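Numbers for residues simply follow the sequence, beginning at 1. Hydrogens, waters and symmetry mates are skipped; everything else that's a heavy atom, side chains included, is used. All values reported here derive from a predicted model rather than from experimental measurement.
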Amino acid sequence: MNATDLPGDRPFVLLATRAEDGPADEEYALFLRYTGLPPHRLRRVRLERETMPAIDLDEMSGVLVGGSPFNASDPFERKSVVQRRVEAEMAQLVAEVVARDAPFLGACYGVGTLGTHLGAPIDGTYAEPISVVEVTLTPEGRTDPLSAGLPDAFTAFVGHKEAISVLPPSAVLLASSAACPVQMFRVGRNVYATQFHPELDVDGIVTRIHAYAGYGYFASGDLDLTLSAVRRAPVTAPSRMLRTFVERYAR
């Protein structure tokens, strides 16, 4: 199905929080590429620059959330004014999304926002360095519509300082990895979050490695090792989820 063949005309919205223009623009370009959406059907909101506009879920096909340098588990006093605002705005939207079971897919930062709403413990227990890992679908993941067409095990890009350590019973575990038990989960029928990045390709993650080299995702002397780590295996499967999400919910 081509972008012009998608039903309806209601846009999707991408909520982004990257302050650096390079990674932010590349993230948007990657979401466009892998969803197959034209720009007028994927509205980007850069929350680090502006307050969240009114989002009428009845007028949207779905909500996408990109990655973020923010960590939900950071002590409140260490969070910037911008992060506190973004978290408050996201909390209000996620509460409505979950209550209405509206289409939602949060990549990496989506775990922090959705997990916080669920009351799940989010901490550094299952942090993963920037790398390629093998992700395995659970039995529920193998039958979930969003992971249709994915192999039972696939490679994916990760890099996060925090993760859900215990998934609450209100959520359904869809995928895990050896070092991070909650890689993907669903709430209700239509609300999803992934710890891995389905939007990334090699060029995209290399951009982020350079942009966030001083953010503590890897040691200061490990730049070359990190660049090698993301090239150790091809990553092709996760991006299919974005197109599946769009085809399932476009209206």
Side-chain angles (χ1 to χ4, degrees), residues 16-34 64-74 105-112 115 122-138 141 147 150-165 167 173-185 192-243:
T17 57
R18 299 187 184 281
E20 301 82 6
D21 287 339
D25 291 343
E26 189 168 40
E27 178 180 68
Y28 181 51
L30 287 165
F31 271 101
L32 288 172
R33 180 191 307 169
Y34 290 123
L64 294 160
V65 177
S68 177
F70 298 153
N71 292 299
S73 61
D74 284 346
L105 174 57
C108 197
Y109 189 49
V111 169
I122 300 172
D123 54 38
T125 303
Y126 297 112
E128 292 177 295
I130 298 175
S131 60
V132 175
V133 301
E134 182 175 81
V135 175
T136 302
L137 295 175
T138 65
S147 46
L150 293 181
D152 290 352
F154 56 88
T155 52
F157 293 116
V158 298
H160 51 101
K161 300 177 187 177
E162 62 182 12
I164 287 180
S165 53
L167 190 66
L173 181 65
L174 300 177
S176 298
S177 67
C180 183
V182 181
Q183 282 286 354
M184 179 179 174
F185 65 94
Y192 293 88
T194 67
Q195 188 65 78
F196 59 87
H197 286 273
E199 84 283 7
L200 276 179
D201 59 14
V202 171
D203 289 341
I205 198 165
V206 166
T207 295
R208 293 185 194 179
I209 289 170
H210 286 289
Y212 300 113
Y215 281 61
Y217 290 100
F218 54 88
S220 59
D222 288 348
L223 175 62
D224 290 340
L225 288 174
T226 304
L227 291 169
S228 296
V230 299
R231 293 186 172 98
R232 72 171 185 83
V235 175
T236 59
S239 61
R240 299 178 204 169
M241 294 172 48
L242 297 178
R243 185 61 180 180

(message) Side chains of Arg18 and Tyr109 only: does a donor on one sit below 3.5 Å from an acceptor on the other?
(response) no
(request) Would you tell me whether Ser177 and Gln195 have side-chain atoms, one donor and one acceptor, within less than 3.5 Å of each other? (result)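 Result is no, nothing qualifies.
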(message) Tell me whether Thr138 contacts the main-chain N or O of Leu173 through its side chain, where contact means a donor paired with an acceptor under 3.5 Å.
(response)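 It does hold such a pair.
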(message) Is the ring pair Tyr217/Tyr215 parallel, tilted or perpendicular, if the boundaries are 30 and 60 degrees?
(response)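 Geometry flag for Tyr215 against Tyr217: parallel rings.
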(request) Test side-chain contact (heavy atoms from CB on, under 4.5 Å) on Leu225 and Phe218 and set out the steps. (result) CA-CA 9 Å; Leu225 288 174; Phe218 54 88; over 6 Å; no
(message) Rounded at 0.5 Å granularity, tell me how far CG in Leu200 sits from CD in Glu26.
(response) 8.0 Å
(request) Would you mind checking if Glu27 and Arg208 are paired as a salt bridge, meaning a charged N to carboxylate O distance below 4.0 Å? (result) yes
(message) I need the single residue from Glu199, Gln183, Met241 that forms a side-chain contact (heavy atoms from CB on, under 4.5 Å) with Thr194. Which is it?
(response) Met241
(message) Val111 and side-chain contact (heavy atoms from CB on, under 4.5 Å): which single residue from Ile122, Val65, Val182, Ile164 fits?
(response) Ile164
(request) Would you mind reporting whether Val235 and Val202 have side-chain heavy atoms less than 4.5 Å apart? (result) no
(request) Kindly indicate whether the side chain of Thr17, heavy atoms from C-beta on, has any atom under 4.5 Å from the side chain of Pro69. (result) yes
(request) Compare every heavy atom of Leu242 with every heavy atom of Pro198, then report the nearest pair and how far apart it is. (result) O-CD1, 3.9 Å
(request) Just jot down the side chain to side chain contact (heavy atoms under 4.5 Å, CB included) partners of Ala156, sequence neighbours excluded, or say none. (result) Val135, Phe154, Phe196, Pro238
